[in-house]
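Have a look at the structure below, then the notes.
Predicted model only: the values in this text are computed from it and were never measured. Letters A, B, ... are given to chains in the order of the sequence lines, protein chains preceding strands, and every chain is numbered from 1.
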There are 2 protein chains.
Amino acid sequence: MAHTLDHIDTQILAMLQNNSNRTTKSIADELGMTTSPIFERIKKLEKEGYIKKYVAVLDNKKIGLKLTVFIGITLQGHTRSYLEKFVKEINNFPEIVECHRVSGNFDYLLKLVVEDIEAYETFIISKLTLLPYLGNVQSLITLSTGKETNEIDLSRV
Amino acid sequence: MAHTLDHIDTQILAMLQNNSNRTTKSIADELGMTTSPIFERIKKLEKEGYIKKYVAVLDNKKIGLKLTVFIGITLQGHTRSYLEKFVKEINNFPEIVECHRVSGNFDYLLKLVVEDIEAYETFIISKLTLLPYLGNVQSLITLSTGKETNEIDLSRV
DNA sequence: TCTATTTTAAGAATATAATTCTGTTTAATT
DNA sequence: AATTAAACAGAATTATATTCTTAAAATAGA
């Protein structure tokens, strides 16, 4: 059974989503508690799925992936089996980091991270446009990024 | 001075961006090395900025933020000072997790995470549309998400 | 309100992993 | 070939995670 998050849980989550390498001691100190309850709460949050995983966030640009592109796509056919196939194909492309089925002016919104404009063009030509039933495709090339985070504001939950 | 990443560095990064709680021992074992060089390499990768931070990835839905929306925006004025002001305002909204300046059919692409449709509407009405010089605003409501990750494929770098 | 039950926390003890240190090997440079 | 710098192995140390036991607080039922 799922329990509800109290204020302490929320604070722990807020800290860990900002820096997951913090020691339980430092969290405990900040909350005026000892390590054991903090430790147990964290384990519970992991076990119950509030915390999905712990990851290192890399600097894409530094690693050589300098370009982020969003691609809006409409499909010509909308059968269930085809949609599933489409998503499956998309997931196999290593450039793609996000794939959302959306309502609005597109059927899908993709986010991809690539080396540069050439790599983007290669993706479009030799991968994306090979998929069947492709309708309208519209790209938004990122010029600069003002904010990009995973961190969600927990003051409102 | 920046050094280039060798294959060992790349493998370490790949492991840590998948699970940053792995022990240096387990990484060392997988790479057939001992803990000291792994430890030193990780510290170097942190220091030189290849690793930006370590974070806990939360389950947004479980926490009560069930809706992801992308918003494409065009502005009516494009003076530099206004663009900066716009980005600054946007960054203050806790709902926004991403804000990209883009080229294409929009000036900006926002990604936001909110409780539900009502919260989304509230954001639009009482926050977004209060900003001056706003032109076209187009929302893409996420119906389902096939893939959503930070993890980039390092086999190509 | 009292008692039983469950939950939560504290504090000490232990296990595990991170970090440091020293000496050796390997690779690069001249 | 000699010299220097970088990278690694292995042991030693330190810090942190994890476990355990007991006490306090909260909750539910009579």
Fill in: Bounds of contact between DNA chain C and chain B, in 5' to 3' order, using a heavy-atom cut-off under 4.0 Å
dA17(C) to dT20(C)

Worksheet entry | Reported OG1-to-CG distance for the pair T10(A) and L154(A), which is rounded to 0.5 angstrom | 6.5 Å

Worksheet item: Between atom OG of S26(B) and atom CE of M15(B), what is the distance when rounded to the nearest 0.5 Å?
Response: 7.5 Å

Worksheet item: From K44(A) NZ over to L5(A) CG, what is the distance, rounded to the nearest 0.5 angstrom?
Response: 10.0 Å

Practice prompt. Could you tell me whether the side chain of Q11(B) reaches within less than 4.5 Å of the side chain of L31(B), counting heavy atoms only?
Written response: yes

Worksheet item: For the ring pair H100(A) and F70(B), is the centre-to-centre distance below 6.0 Å?
Response: yes

Identify every side-chain donor-acceptor pair in residues 135-143 of chain B under 3.5 Å, counting partners at least two apart or on other chains, and give the distances.
| from | atom 1 | to | atom 2 | distance (Å) |
| --- | --- | --- | --- | --- |
| Q138(B) | OE1 | N105(A) | ND2 | 2.7 |
| S139(B) | OG | Y120(B) | OH | 2.4 |
| T142(B) | OG1 | T68(B) | O | 3.0 |

Item to complete: Mind checking the CG-CG spacing from L45(B) to L58(A)? Nearest 0.5 Å is all I need.
Response: 9.0 Å

Discussion item. Let me confirm one number: the CD-CG distance from E151(B) to L13(B), rounded to the nearest 0.5 Å.
Written reply: 11.5 Å

Worksheet entry | Sub-4.0 Å heavy-atom contacts from residues 8-16 of chain A onto DNA chain C, ordered by number | I8(A)

Item to complete: Kindly confirm or rule out a cation-pi arrangement of K62(A) over Y50(B), judged by NZ or CZ under 6.0 Å from the six-membered ring centre and within 45° of its axis?
Response: yes

Discussion item. What residues from residues 20-29 of chain B pass a heavy-atom cutoff of under 4.0 Å to DNA chain D?
Written reply: none

Discussion item. Can you list, in residue-number order, the parts of residues 36-47 of chain B that come under 4.0 Å of DNA chain C, counting heavy atoms only?
Written reply: F39(B), K43(B)

Worksheet item: Do NZ/NE/NH1/NH2 and the carboxylate oxygens of R22(B) and E30(B) come within less than 4.0 Å?
Response: yes

Practice prompt. Please step through side-chain hydrogen bond (donor to acceptor under 3.5 Å, both in side chains) for the pair Y54(A) and Q17(A), ending with a clear verdict.
Written response: CA-CA 9 Å; Y54(A) 296 96; Q17(A) 79 172 157; over 6 Å; no

Worksheet item: Tell me, which pairs form a ring pair (Phe, Tyr, Trp, His ring centres under 6.0 Å) where one or both residues lie in residues 122-157 of chain A, sequence neighbours left out?
Response: Y82(A)-Y133(A), F93(A)-F123(A)

